[in-house]
Amino acid sequence: MGCKDCGACSAGETPIREDGRMRILLMGNPNVGKSVFFSRLTGVHALSSNYPGTTVGFTQGVIRHKGLCADLIDVPGAYTLDPTNEAEEIARRIINEGADRVILVIDATALERNLVMALQVLAYHIPTIIALNMTDEARHKGILLDVERLEKELGVPIYKTVATTGSGISDIVDNMDKARVSGITAMTKEERWQKIGHIIAEVQTVTHRHHTLLDRAEDISAHPLFGGLAGIVILTLSFTLIRFLGEGLVDHIFDPIFENLWLPLLNKLSAFLGEGYLRSLLIGRLFDGAIDLEQSMGVLSTGFYVEFGMVLPYIIAFYAALSFLEDLGYLPRLAVVFDALLHRFGIHGYAIIPTLLGFGCNVPGILATRVLESKRERFIAATLISVGVPCVSIQAMLASTLGPFGVKYIASVYVVLLIVWLILGRLMNLTLSGFSPELIVEIPPYRIPSLKAWMAKLWFRIKDFFLEATPLVLGGIFLVNILDMAGILERIGRALTPFFHKVLGLPPSTAVPVVMGMFRKDIAMGLLIPLNLTAHQMLVAVIVLSMTFPCIATFVVMWKELGALRMLEASALMICSAVAAGALLNLLLAAL
Ligand SMILES: Nc1nc2c(ncn2[C@@H]2O[C@H](COP(=O)(O)OP(=O)(O)OP(=O)(O)O)[C@@H](O)[C@H]2O)c(=O)[nH]1
Ligand SMILES: [Mg+2]
């Protein structure tokens, strides 16, 4: 496809290739700043965080600069092109597909490690230009590099950059035409290490420097004992902060907006529509002639309120806290601290990052399991996330369904989920063949998060939530309303009544919300509120619902990531564990 055909570049811009746009790959080790580079060059926001493995798929954008018009691909970070995980496999596949240029991003504070991949990329003989990034940190660490000498050794132009401030980035784009094919050829591992040893001796000098406060904090947070204590304190503080912030947003911003602006509008619309199908669909049922935002079940009443009045504030609070920890560089330290524990469940400590992401939304959590090395680990981690980690939507609903009965009921859900997580993890580790590799993780230095980057990331995630949630909410409620009007839910409910009654001790009316749970878990939980369940019944129903996949998107992402068979296996495990936990809890509560 020619440049002009694609529509992204306009007439005056000349592609370097006649037959189409130039394809530039942005490559390098994990956590070297590629995504920050990518965002600056293309204007497309790519998620960047201070831990290796942020980019696991690839993102594509267009660079347009002084007549240059090219596709830029943010390739997932790789330590080597002999892949050890899926992200590295993707990196190799992309470079094997060919490119016109490579921008190789190298972390100046870890030249030796970065050269392993650099030498492999240069041996592809694609014109390359090197961005020697993180030169600010290298200076603080007392690392001096002879750039001219390094250029001679590698045979390609090198420019010093600090991606976070933008320094040196224009040198890279201005000099794209100076990219060269290096004289480096394919080598054996031994030859490569010899070459690296030689280069380091020639170009790098390290001078002495004093420890900073951040250095000391780094030592403490990865310490076997203090690190564990710090981990517990930091996680407890973070979740307390999230609740506090979430509640504050609901009480002071979102509820007033819904009560004072949205509700009056809906009342007008309701009066205008009068009785009929359209009103049932959009507004839902009226209670004593009035709309009840929590219970009316219309697309615009309960649909909007649950998603944007109850869930969105917690999404904001959750990602505000998580993004801070991510940019600070705390998460890999948590991985080290939790490694011994998680190994008992067949996954290594790094699974803590996808797990934490899962508390926001299971979908990015499951995607992030790509950083785990084996398919077995990915299956275990993804199943544990989808069954045992309640996303923000579920957590917001826990508060509204069980809150009125007391905090201890909400706490019991977390305890039960933790127990299920532990047992299911242990069982999968014992029964699935294979082993979980040792944790080899690069710990980045602490970096003070930049307010601008933190806000951009928060906005990016909120936008994602809007784009993903809106069609699901509207579609979900729409479908449920149609099924309800057609009497199908009623029939399913009746068919499941004996099961619900005998096994879970729940009244027939709960069958419908559980069936609906397959479409939208949060709304299904909202439906439980008007059923006048006892505290124990509510607890059982909420636990069964919390353990089944949060929403249809989770099924889809499991399918895409692990294949149909694995998705079905995970679903079977999910249903079995949800029913087992509900039934046991029912017996236990009856015996109390
Ligand atoms: N001090 C400093 N920090 C930087 C620089 N460039 C990037 N960073 C920070 O380094 C971290 C990693 O940046 P990313 O852009 O996510 O790195 P990446 O190479 O895309 O990482 P993966 O997606 O994991 O492969 C982030 O916290 C950035 O803010 C730099 O030049 N100086
Ligand atoms: Mg990245």
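FYI, side chains are in, hydrogens and waters are out, and symmetry mates aren't considered; it's all heavy atoms of this structure. Numbering of residues begins at 1 and proceeds along the displayed sequence.
With contacts defined as side-chain heavy-atom distances shorter than 4.5 Å, the pair Trp193/Val116 qualifies. Using a 4.5 Å heavy-atom threshold, the side chains of Leu41 and Val173 count as touching. Looking at Leu417 and Pro390, their side chains come closer than 4.5 Å, going by heavy atoms from C-beta outward. A heavy-atom distance below 4.5 Å is not found between the side chains of Thr369 and Phe379. In this structure, the side chains of Leu322 and Leu356 come closer than 4.5 Å at one or more pairs of heavy atoms. With contacts defined as side-chain heavy-atom distances shorter than 4.5 Å, the pair Met27/Met117 qualifies. At a threshold of 4.5 Å between non-hydrogen side-chain atoms, the residues Ile462 and Ile316 count as touching. Counting heavy atoms from C-beta outward, Val337 and Ile352 have side chains that stay 4.5 Å or more apart.
Of all heavy-atom pairs spanning Ala570 and Thr383, the tightest one is CB-OG1, 3.8 Å. The nearest pair of heavy atoms linking Gly61 to Phe38 is N-CZ, 3.5 Å. Looking at every heavy atom in both residues, Tyr319 comes nearest to Cys361 through OH-N, 3.7 Å. Nearest heavy atom pair, residue Val544 against residue Ala578, reads CG2-O, 3.8 Å. Shortest non-hydrogen contact noted between Asp82 and Thr80 is N-OG1, 2.8 Å. A pairwise comparison of heavy atoms in Ser546 and Leu398 identifies OG-CD2, 4.0 Å as the closest pair.
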Could you check Ile90 against Val75 for side-chain contact (heavy atoms from CB on, under 4.5 Å), going step by step and ending with a plain yes or no?
CA-CA 8 Å; Ile90 298 176; Val75 180; 5.9 Å; no
Do Leu144 and Val206 pass the side-chain contact (heavy atoms from CB on, under 4.5 Å) test, and can you show the C-alpha distance, the side-chain angles, and the key distance before you say yes or no?
CA-CA 6 Å; Leu144 300 176; Val206 181; over 6 Å; no
Take Leu150 and Ile199, measure what side-chain contact (heavy atoms from CB on, under 4.5 Å) needs, and give me the verdict at the end.
CA-CA 7 Å; Leu150 190 58; Ile199 297 177; 3.5 Å; yes
Starting from the C-alpha separation in whole Å, work towards a yes-or-no answer on side-chain contact (heavy atoms from CB on, under 4.5 Å) for Ile419 and Val415.
CA-CA 6 Å; Ile419 296 173; Val415 173; 3.9 Å; yes
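At least one donor-acceptor pair closer than 3.5 Å links the side chain of Asp339 to the backbone N or O of Gly349. Using a distance-only test at 3.5 Å, with no hydrogens or angles considered, no donor-acceptor pair links the side chain of Glu88 to the main chain of Ala78. The backbone N or O of Asn29 lies less than 3.5 Å from a partner atom in the side chain of Lys34, making a donor-acceptor pair. Using a distance-only test at 3.5 Å, with no hydrogens or angles considered, no donor-acceptor pair links the side chain of Asn429 to the main chain of Gly425. Judged purely by atom type and a 3.5 angstrom limit, Arg40 uses its side chain to pair as donor or acceptor with the backbone of Ala163. Between the side chain of Glu112 and the backbone N or O of Gly197, no donor-acceptor pair lies under 3.5 Å. Judged by distance alone, the side chain of Gln120 and the main-chain N or O of Leu81 form a donor-acceptor pair under 3.5 Å. Judged by distance alone, with hydrogens and angles left aside, the side-chain atoms of Asn114 form a donor-acceptor pair with the main-chain N or O of Ala110 at under 3.5 Å. Without hydrogens or angle criteria, Arg333 side chain to Pro444 main chain gives a donor-acceptor distance under 3.5 Å. Between the Trp421 side chain and the Val389 main chain, no donor and acceptor come within less than 3.5 Å of each other.
The CD1 atom of Ile353 sits 8.0 Å away from atom CG of Leu334, with the distance rounded to the nearest 0.5 Å. One distance of note links CG of Leu26 with CG of Leu72; it measures 5.0 Å at 0.5 Å rounding. Note that CZ of Arg149 and CD of Gln204 are 14.5 Å apart. Values are rounded to the nearest 0.5 Å. Atom CH2 of Trp459 and atom OG of Ser323 lie 14.0 Å apart (nearest 0.5 Å). Taken from CE in Met310 to CG in Leu249, the straight-line distance is 14.0 Å, to the nearest 0.5 Å.
Inspection of the Ser35 and Asp74 side chains reveals an N or O donor paired with an N or O acceptor under 3.5 Å. Using modelled atom types and a 3.5 Å distance limit, the side chains of Glu377 and Tyr350 yield no donor-acceptor pair. Between the side chains of Ser221 and Tyr446, at least one donor N or O sits under 3.5 Å from an acceptor N or O.
No salt bridge links Asp171 with Lys160; every basic N to acidic carboxylate O contact stays at or beyond 4.0 Å. A salt bridge is defined here as a Lys NZ or Arg NE, NH1 or NH2 lying under 4.0 Å from an Asp or Glu carboxylate O, and Glu569 with Arg566 meets this definition. Salt-bridge annotation for Glu247 and Arg243: present, with a side-chain N of the basic residue lying under 4.0 Å from a carboxylate O of the acidic one. A salt bridge is defined here as a Lys NZ or Arg NE, NH1 or NH2 lying under 4.0 Å from an Asp or Glu carboxylate O, and Lys195 with Glu191 fails to meet this definition.
Checking each of Thr164, Thr109, Thr161 against Asn133 for a side-chain hydrogen bond (donor to acceptor under 3.5 Å, both in side chains) leaves exactly one that passes, namely Thr161.
Side-chain rings of Phe359 and Phe239 approach one another, their centers coming within less than 6.0 Å.
For Met455, the CE atom sits in a loose shell: 12 or fewer heavy atoms of surrounding residues, nucleotides or ligands are nearer than 6.0 Å.
Cation-pi geometry between Arg461 and Phe466 is not met at under 6.0 angstrom from the ring centre and within 45 degrees of the axis.
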